[in-house]
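Here is the naming used below: chain letters follow the sequence lines, and residue numbers restart at 1 for every chain.
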Number of protein chains: 2
Amino acid sequence: MPRSDALRNRAKVLAAAEAVLAEQGLTARMDAIAARAGVGVGTVYRHFATKEALWQAIVEARVDALLAEAERLRAEADPATAFFTFFGRIVADAAAKKAYTDGLRDAGIDVKDGQGRQIAAMRAAITGLLTRAQAVGAVRGDVALPEVLALLRGASLAAETGDFPPIALEVIVTGLRAGAG
Amino acid sequence: MPRSDALRNRAKVLAAAEAVLAEQGLTARMDAIAARAGVGVGTVYRHFATKEALWQAIVEARVDALLAEAERLRAEADPATAFFTFFGRIVADAAAKKAYTDGLRDAGIDVKDGQGRQIAAMRAAITGLLTRAQAVGAVRGDVALPEVLALLRGASLAAETGDFPPIALEVIVTGLRAGAG
DNA sequence: CACTATACGGAATCTCGATTCCGCTTGCTC
DNA sequence: GAGCAAGCGGAATCGAGATTCCGTATAGTG
């Protein structure tokens with residue numbers, strides 16, 4: 001079993017990294033994270049072999065949180081509400097945590113291994129919510145997963161890199177609804 | 001006056017840089033550009049003091065092309081066509097030329113000096129097309145420049161980082177039209 | 001409380017790509 | 001076609017940051 005201080009430090013590093021990455025994105029420096037955690041760089045590396053590993057740990061946690069949210073929304077009575085709430089949640093999440101979406105494409109951090117399962121789960125979750133919403137005529141029938149993902153990616157990236165006004169989001173939502181029922 | 005070969009090389013570098021940056025984005029290496037141009041790195045630097053300068057030269061040219069397009073569209077009889085054509089053109093442009101949008105935010109390359117005028121011109125052009133489209137009831141009245149820019153940025157970034165299906169674009173267009181007239 | 005196996009801090013090292021430098025070429029002038 | 005300034009190629013230099021290393025500190029154990 002790990003020493004108690006090691007456990008404590010691991011948590012501190014994770015929290016610091018989450019905060020720093022949220023505000024600075026991928027360019028955040030390792031020493032900045034270490035400093036924020038009140039720890040030496042060496043310690044950061046003892047817990048996470050590389051910057052990418054640390055990054056992945058955080059993104060994974062984030063995605064898990066979103067998946068949990070999706071799970072919760074499956075219980076929602078109104079499919080339209082469920083779908084659009086999830087859509088908005090992802091965008092809001094991206095706005096708050098910089099470079100969240102970056103992680104999925106930028107050099108270095110590729111979609112791989114363990115994350116593969118998460119990606120699959122996320123796609124499944126979105127497809128589920130989408131299908132239900134379309135079934136009740138709340139979303140136009142000619143959009144499928146690729147379109148939703150593209151819109152999600154776009155809105156998230158926009159939110160990360162600057163302002164994404166509520167009305168802009170509403171335009172997309174309206175567009176998705178239009179002529180559906 | 002510059003020597004003839006210098007002129008020739010400058011053009012070669014510019015073309016190579018455009019191509020390389022289009023496919024690799026900001027992370028493209030200077031030697032890759034030099035190699036593509038069939039020239040030594042030193043030559044690249046003699047013509048463009050820094051990577052950023054080279055980058056700016058290219059982006060500026062691109063923006064000028066878009067501005068020219070906007071100018072042309074001002075003559076278009078149907079304001080709706082003019083506005084949506086321009087919107088689509090920008091997104092298509094971004095899809096073809098990677099990291100085009102990046103340039104406007106990523107570290108290093110900041111919006112400054114000379115580009116400032118271009119930015120202003122672009123905002124003016126979009127505002128003009130938007131206002132006209134709204135005047136004839138082709139675009140909902142509650143969206144303004146910030147919303148359009150956010151949507152444009154999102155769609156462009158999405159197109160740059162992956163696929164942006166036609167239907168996704170149509171969703172946005174529909175959303176902009178909805179309930180306008 | 002002594003003893004270690006674990007952890008720690010953070011300076012030193014390594015890596016990678018931008019930028020500089022300089023001896024060699026080549027276009028242009030007379 | 002000789003002279004030379006403008007250009008060129010590309011190896012060497014720099015800088016920024018990630019990663020490693022190792023002497024020191026400390027939790028856990030008897």
Side-chain angles (χ1 to χ4, degrees), chain A residues 1-59 98-99 102-103 105-110 112, chain B residues 1-59 98-99 102-103 105-110 112:
Chain A
M1 60 208 93
R3 245 165 60 172
S4 62
D5 58 343
L7 250 43
R8 199 168 26 256
N9 277 331
R10 182 174 219 283
K12 281 200 292 184
V13 168
L14 217 40
E18 170 126 25
V20 173
L21 286 175
E23 60 192 42
Q24 305 188 8
L26 280 163
T27 52
R29 298 209 273 138
M30 288 304 258
D31 25 5
I33 292 172
R36 176 87 140 236
V39 131
V41 250
T43 298
V44 173
Y45 277 93
R46 191 149 324 84
H47 292 297
F48 302 93
T50 144
K51 188 182 182 178
E52 179 183 345
L54 174 53
W55 178 251
Q56 282 198 344
I58 289 173
V59 170
K98 253 188 154 183
D102 274 6
R105 52 132 189 171
D106 257 47
I109 294 82
D110 242 26
K112 59 176 99 145
Chain B
M1 59 207 95
R3 245 166 58 171
S4 63
D5 58 343
L7 249 42
R8 199 167 27 254
N9 279 330
R10 182 176 219 282
K12 282 200 290 184
V13 168
L14 216 41
E18 171 126 24
V20 174
L21 286 174
E23 59 192 43
Q24 305 187 8
L26 281 162
T27 51
R29 299 209 274 140
M30 289 304 257
D31 22 4
I33 292 172
R36 176 87 141 234
V39 133
V41 252
T43 298
V44 173
Y45 278 94
R46 189 146 326 83
H47 293 297
F48 302 93
T50 140
K51 186 181 183 178
E52 178 183 346
L54 175 52
W55 178 250
Q56 282 198 342
I58 289 172
V59 170
K98 252 190 156 183
D102 275 6
R105 54 134 187 170
D106 257 46
I109 296 82
D110 242 26
K112 58 177 99 144

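- A 4.0 Å heavy-atom criterion places the boundary nucleotides of DNA chain C facing chain B at C/dG17 to C/dC28, written 5' to 3'.
- Between A/Leu26 atom CG and D/dA16 atom P there is a gap of 20 Å when expressed in whole angstrom units.
- Rounded to a whole Å, the CD atom of A/Gln24 is 13 Å from the C1' atom of D/dG17.
- As rounded to whole Å, 17 Å separates atom P of D/dG17 from atom CG of A/Leu54.
- For A/Arg3 against D/dA27, no side-chain N or O and base N or O form a donor-acceptor pair under 3.5 Å.
- Heavy atoms of B/Arg29 sit under 4.0 angstrom from primed sugar atoms or phosphate atoms, though from no base atom.
- Regarding B/Arg8, its CZ atom lies at a distance of 18 Å from the P atom of D/dA6, rounded to whole Å.
- No contact: A/Ala35 has no heavy atom under 4.0 Å from any strand.
- For D/dA18, neither phosphate oxygen OP1 nor OP2 lies less than 4.0 angstrom from any side-chain nitrogen or oxygen of A/Thr50.
- Between D/dG7 and B/Asn9, no contact under 4.0 Å exists linking OP1 or OP2 to a side-chain N or O.
- The heavy-atom pair separating B/Tyr45 from B/Thr50 by the smallest distance is CE2-CA, 4.1 Å.
- Contact detail for B/Ala57 and B/Phe48: the closest heavy-atom pair is CB-CE2, 4.0 Å.
- Of the residues near DNA chain C, B/Met30 and A/Gly38, the one whose nearest nucleotide (by heavy atom distance) lies more toward the 5' end is A/Gly38.
- Salt bridge A/Arg36/A/Glu23: present, at least one basic N to carboxylate O contact under 4.0 Å.
- Comparing A/Met1 and B/Ala6 by the nucleotide of DNA chain D whose heavy atom lies nearest to each, the residue mapping closer to the 5' end is B/Ala6.
- Heavy-atom minimum distance, A/Gln24 versus A/Arg29: OE1-N, 4.4 Å.
- Here D/dG17 presents its P atom at 9 Å from NZ of A/Lys51, a figure rounded to the nearest Å.
- Although no hydrogens or angles enter the test, the distance criterion places a donor-acceptor pair under 3.5 Å between the side chain of A/Lys51 and the main chain of A/Leu26.
- Between the P atom of D/dT13 and the OH atom of B/Tyr45 lies a distance of 17 Å, rounded to the nearest Å.
- Taking both residues in full, the closest heavy atoms of B/Ala17 and B/Ile58 are given as CB-CD1, 3.5 Å, listed atom of the first, atom of the second, then distance.
- Annotation for B/Ala32 and B/Val20: closest pair O-CG2, 4.4 Å, computed over non-hydrogen atoms.
- Comparing A/Gly40 and B/Gly42, the nucleotide of DNA chain C nearest to each residue sits closer to the 5' end for A/Gly40.
- Rounded to a whole Å, the CZ atom of B/Arg10 is 16 Å from the C1' atom of D/dA6.
- As judged by a 4.0 angstrom heavy-atom cut-off over every strand, A/Ala28 is placed among residues touching the sugar-phosphate backbone only.
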